[in-house]
Student: 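Attaching a single structure in structure tokens format; questions to follow.
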Amino acid sequence: QVHLVESGGGFVQAGGSLRLSCAASGLTFSRYGMGWFRQAPGKEREFVGGINWSGGSTYYSDSVKGRFTVSRDNAKNMVYLQMNSLKPEDTAVYYCAADSKGWIRNTATGYDYWGQGTQVTVSS
């Protein structure tokens, strides 16, 4: 059974940093593209950033480009989201997702597995 478990969320002041982690099990992790999404209350789930199966390619939404970094460690079955210069509008539940195609997909449709999410709250 596949499990994706996010951690590292919390409460931070604007301008601060957080590092989210996503631990994967039950799948051949190194074959999967991984995405990070977020969903704020009353809003649709939106793509934040993603990384391909090898870690050699990343892609970000315009809203986080230059502030967030996605990385992965295939030996540990982990994917990370480093978030710097956080803004109140970054407040949301953050989810990691796995795509068996191996590439980066910037839409929620098509991902095979999802984590349960971790809350990030940024105060002004």
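Hydrogens, waters and symmetry mates are skipped; everything else that's a heavy atom, side chains included, is used. All values derive from a computational prediction rather than experimental measurement.
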Student: Any side-chain donor paired with an acceptor under 3.5 Å for T109 and T107?
Tutor: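 T107 and T109 do not have a side-chain donor-acceptor pair below 3.5 Å.
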Student: Where the side chain of R72 meets the backbone of G33, is there a donor-acceptor pair that is under 3.5 Å apart?
Tutor: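 Such a contact is absent between R72 side chain and G33 backbone.
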Student: Please report the interatomic distance CG(N77) to OG(S25), rounded to the nearest 0.5 Å.
Tutor: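 Here the rounded value is 8.0 Å.
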Student: Counting only heavy atoms not in K43 (residues, nucleotides, ligands), do more than 12 fall under 6.0 Å from its NZ?
Tutor: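 For K43, atom NZ is not crowded (no more than 12 foreign heavy atoms under 6.0 Å).
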Student: Quick one: pull up CG in D73 and OH in Y80 and give me the separation to the nearest 0.5 Å.
Tutor: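 Answer for the CG-OH pair, D73 versus Y80, is 5.0 Å.
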Student: Rounded to the nearest 0.5 Å, how far apart are CZ of R67 and OG1 of T69?
Tutor: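 So the gap between those two atoms works out to 11.0 Å.
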Student: How long is the gap from CZ on F37 to CD on E44, to the nearest 0.5 Å?
Tutor: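 The CD atom of E44 is 12.0 Å from CZ of F37, to the nearest 0.5 Å.
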Student: Has the side chain of Q39 got a donor or acceptor atom that lies under 3.5 Å from a matching backbone atom of A92?
Tutor: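 Between the backbone of A92 and the side chain of Q39 there is no qualifying donor-acceptor contact (under 3.5 Å).
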Student: What distance separates E6 CD from C96 SG, expressed to the nearest 0.5 Å?
Tutor: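 Going from CD on E6 over to SG on C96, the span is 4.0 Å.
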Student: Please go through L86's hydrophobic cluster and name the other residues, only I, L, V, M, F, W, Y counting, with side-chain heavy atoms under 4.5 Å joining them.
Tutor: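 Listed partners: V2, L4, V12, L18, L20, L27, F29, Y32, M34, W36, V48, I51, Y60, V64, F68, V70, V79, L81, M83, Y94, Y113, V120, V122.
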Student: Please confirm whether the backbone N or O of R19 pairs with a side-chain atom of Q82, one donor and one acceptor, at under 3.5 Å?
Tutor: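 No; zero donor-acceptor contacts below 3.5 Å.
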Student: Could you walk me through whether K76 and S21 satisfy the side chain to side chain contact (heavy atoms under 4.5 Å, CB included) test, starting with their C-alpha distance in whole Å, then the side-chain angles of each, then the deciding distance to 0.1 Å, before giving a yes or no?
Tutor: CA-CA 11 Å; K76 296 182 178 179; S21 299; over 6 Å; no
Student: Taking 4.0 angstrom as the limit, do D90 and K87 come out as a salt bridge?
Tutor: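 Salt bridge: no.
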Student: Under the side chain to side chain contact (heavy atoms under 4.5 Å, CB included) rule, what do D99 and D112 come out as? Steps first, then yes or no, please.
Tutor: CA-CA 5 Å; D99 184 346; D112 299 274; 3.8 Å; yes
Student: Which distance, rounded to the nearest 0.5 Å, do you find between the NZ of K65 and the OH of Y59?
Tutor: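 The NZ atom of K65 sits 6.0 Å away from the OH atom of Y59.
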Student: Might you point out which heavy atoms bring E46 and R38 nearest each other, and give the distance in Å?
Tutor: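 Here E46 and R38 meet closest at OE2-NE, 2.6 Å.
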Student: Kindly work out whether a path of hydrophobic side-chain contacts (I/L/V/M/F/W/Y, heavy atoms less than 4.5 Å apart) joins W53 to W114.
Tutor: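 No, it is not one cluster - the side chains of W53 and W114 are not joined through contacts under 4.5 Å.
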Student: Yes or no on side chain to side chain contact (heavy atoms under 4.5 Å, CB included) for I104 and F47, after CA distance, side-chain angles and deciding distance?
Tutor: CA-CA 11 Å; I104 303 168; F47 174 79; 4.1 Å; yes
